[in-house]
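Step one of this worksheet: look at the structure below.
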Amino acid sequence: MNQALSDLLDLLDLEQIEEDIFRGQSRSAVVPRVFGGQVAAQALVAAGRTVPADRHAHSLHAYFLRAGDPGAPIVYNVERIRDGRSFTTRRAVAVQHGRPIFALSASFQTFEEGLDHQAPMPPAPDPAGLPTSAERLRGYDHLPSAVVERFLEAREAIDLRYVDEPPYGKYGEPRAPHSQVWFRTDGKLDDDPLLHVVLATYVSDMTLLDSVLLAHGRGGWAVGDVVGASLDHAMWFHRPFRADEWLLYDQESPSASGGRGLGQARIYTQDGSLAVSVIQEGVVRVPRES
């Protein structure tokens, strides 16, 4: 396990300060605020620590309310909404400086047998043959070196490989609103199912709105042709998976309007099992001419 992954796991390992109250640390992301995936992952950790071990997360629904301050800790207050025979529901609110910055509802379920079908995995090249993030980013002469280094620092713990050029790598002309990345943690994890779900939640906020940018030939914040932020985020965990093994994140955007863009995605294991479905809406605005 590399140091960056060890540091990320420490970041997600919350301190319990009272019954159903947890505290997490913060750090800045590629933009000068707390990375939304970090807050979502920490909130899921907080919720999961109040649930029996035999109940696994099967869905989450969340709203990003305010930008997080990377210089301050985040307190997570968990509310025990329901404990049923098969399902458990929790609500977690993240608070900084006395104000909520994020709210998450998560549901957990005991294992059950049932009907089973899935959408087939789309074609994708083998991840081993794709450039690493460092190989791609260091080849972009149009990106400032500080931007490249912030991207690489933010992804040190995750081996994330684009199938095609990311929005900031090739922009100016619209492309199909579809993006694929392979990802896995850069090191092995233990067998705790919640940990793997939490790591997938963390990564899911990194690239989901890329397809919105592609549809309009925009490069994103890295080149300054849009400004934006995540608004809400939903995930459904269908089948077991490991975040330390390759996962295909197949993403598309069906709509953008009103200063908002919608991304939807499916995450598949390398052997073709549909593991997760994801939907996110974000603010995507074109800067006004001064």
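Just so you know, residue 1 is the first one in the sequence shown, and it goes up from there.
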According to side chain to side chain donor-acceptor pair (under 3.5 Å), who are the partners of [X], at least two apart in sequence or on a separate chain?
X: Arg23; answer: Glu15
X: Ser107; answer: His58
X: Arg55; answer: Thr88

List, by chain and number, the other hydrophobic cluster members for [X], where Ile, Leu, Val, Met, Phe, Trp and Tyr join if side-chain heavy atoms come within less than 4.5 Å, directly or indirectly.
X: Val284; result: Leu209, Val212, Leu213, Val226
X: Val283; result: Leu231
X: Leu130; result: Met121, Val163, Trp182, Trp246, Leu248, Tyr268, Leu274

Return the minimal non-hydrogen interatomic distance between [X] and [Y], and the atom names on each side.
X: Arg285; Y: Gly259; result: CG-O, 4.1 Å
X: Ala41; Y: Leu12; result: CB-CD2, 3.8 Å
X: Ala134; Y: Leu152; result: CA-CD2, 3.6 Å
X: Ala4; Y: Glu156; result: CB-CB, 3.3 Å
X: Ala47; Y: Val78; result: N-CG2, 4.0 Å
X: Ala72; Y: Ser26; result: O-OG, 2.6 Å

Do other residues, nucleotides or ligands put more than 12 heavy atoms under 6.0 Å from the CZ atom of Arg175?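 Atom CZ in Arg175 is crowded, with more than 12 foreign heavy atoms closer than 6.0 Å.
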
How about CD on Gln118, more than 12 heavy atoms from neighbouring residues, nucleotides or ligands closer than 6.0 Å, or not?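 Yes, because the 6.0 Å sphere around CD of Gln118 holds more than 12 heavy atoms from other groups.
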
Using atom types as modelled and distance alone, determine if a side-chain donor or acceptor of [X] lies under 3.5 Å from a backbone N or O of [Y].
X: His61; Y: Ala234; answer: no
X: Thr269; Y: Phe241; answer: no
X: Gln42; Y: Gln25; answer: yes
X: Tyr249; Y: Ser204; answer: yes
X: Ser6; Y: Gln3; answer: no
X: Asp159; Y: Thr185; answer: no
X: Gln280; Y: Ala265; answer: no

About how many Å separate [atom2] of [Y] and [atom1] of [X], when rounded to the nearest 0.5 Å?
X: Ile267; Y: His238; atom1: CD1; atom2: NE2; answer: 9.5 Å
X: Gln38; Y: Phe102; atom1: CD; atom2: CZ; answer: 11.0 Å
X: Asp232; Y: Leu104; atom1: CG; atom2: CG; answer: 12.0 Å
X: Leu208; Y: Gln251; atom1: CG; atom2: CD; answer: 5.5 Å
X: Thr132; Y: Arg138; atom1: OG1; atom2: CZ; answer: 9.0 Å
X: Phe108; Y: Leu60; atom1: CZ; atom2: CG; answer: 8.5 Å

With no hydrogens and no angle check, do the side chains of Ser273 and Asp271 hold a donor and an acceptor under 3.5 Å apart?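 No, no side-chain donor-acceptor contact under 3.5 Å.
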
Does the side chain of [Y] come within less than 4.5 Å of [X]'s, by heavy atoms?
X: Tyr76; Y: Val45; value: no
X: Leu143; Y: Val223; value: yes
X: Pro122; Y: Gln180; value: yes
X: Pro240; Y: His56; value: no
X: Pro166; Y: Phe151; value: no

Checking side-chain contact (heavy atoms from CB on, under 4.5 Å) for the pair Val39/Asp205: CA distance, chi angles, key distance, verdict? CA-CA 10 Å; Val39 183; Asp205 190 41; over 6 Å; no

May I have all residue pairs that pass side chain to side chain donor-acceptor pair (under 3.5 Å) and include part of residues 208-217, sequence neighbours excluded?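 Sorted pair list: Tyr162-Asp210.
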
Enumerate the side chain to side chain donor-acceptor pair (under 3.5 Å) contacts for residues 252-262, please, sequence neighbours excluded, ordered by first and then second residue.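 Matches after skipping sequence neighbours: Glu252-Gln264, Arg260-Glu281.
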
Of all pairs that satisfy salt bridge (charged side-chain N to carboxylate O under 4.0 Å, His left out), the ones with a partner from [range], not counting sequence neighbours:
range: residues 115-137; result: Asp116-Arg239, Arg136-Glu165
range: residues 185-198; result: Lys188-Asp244, Asp191-Arg242
range: residues 73-86; result: Asp20-Arg80, Asp83-Arg90

Taking only Lys NZ, Arg NE, NH1 and NH2, and the carboxylate oxygens of Asp or Glu, determine whether Arg218 and Glu173 approach each other closer than 4.0 Å.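 So Arg218 does not pair with Glu173 through a salt bridge.
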
Going through the distances and angles, do Arg155 and Met206 end up as a side-chain contact (heavy atoms from CB on, under 4.5 Å)? CA-CA 9 Å; Arg155 294 176 179 176; Met206 286 184 171; 4.2 Å; yes

Membership question, hydrophobic clusters at under 4.5 Å side-chain separation (ILVMFWY): are [Y] and [X] in the same one?
X: Trp221; Y: Leu137; answer: yes
X: Leu44; Y: Val75; answer: no
X: Leu5; Y: Leu11; answer: yes
X: Ile279; Y: Val197; answer: no
X: Val198; Y: Met235; answer: yes

Steps toward side-chain contact (heavy atoms from CB on, under 4.5 Å) verdict (Val34, Ile101): CA-CA 10 Å; Val34 177; Ile101 64 168; 5.9 Å; no

Go through the steps to decide whether Leu214 and Ser179 satisfy the test side-chain contact (heavy atoms from CB on, under 4.5 Å), and finish with yes or no. CA-CA 8 Å; Leu214 294 175; Ser179 177; 4.0 Å; yes

Would you mind writing out the side-chain donor-acceptor pairs for residues 62-71 within the sub-3.5 Å range, not counting sequence neighbours?
from: Arg66; atom 1: NH1; to: Pro100; atom 2: O; distance (Å): 2.6
from: Asp69; atom 1: OD1; to: Gly71; atom 2: N; distance (Å): 2.8
from: Asp69; atom 1: OD2; to: His97; atom 2: NE2; distance (Å): 2.9

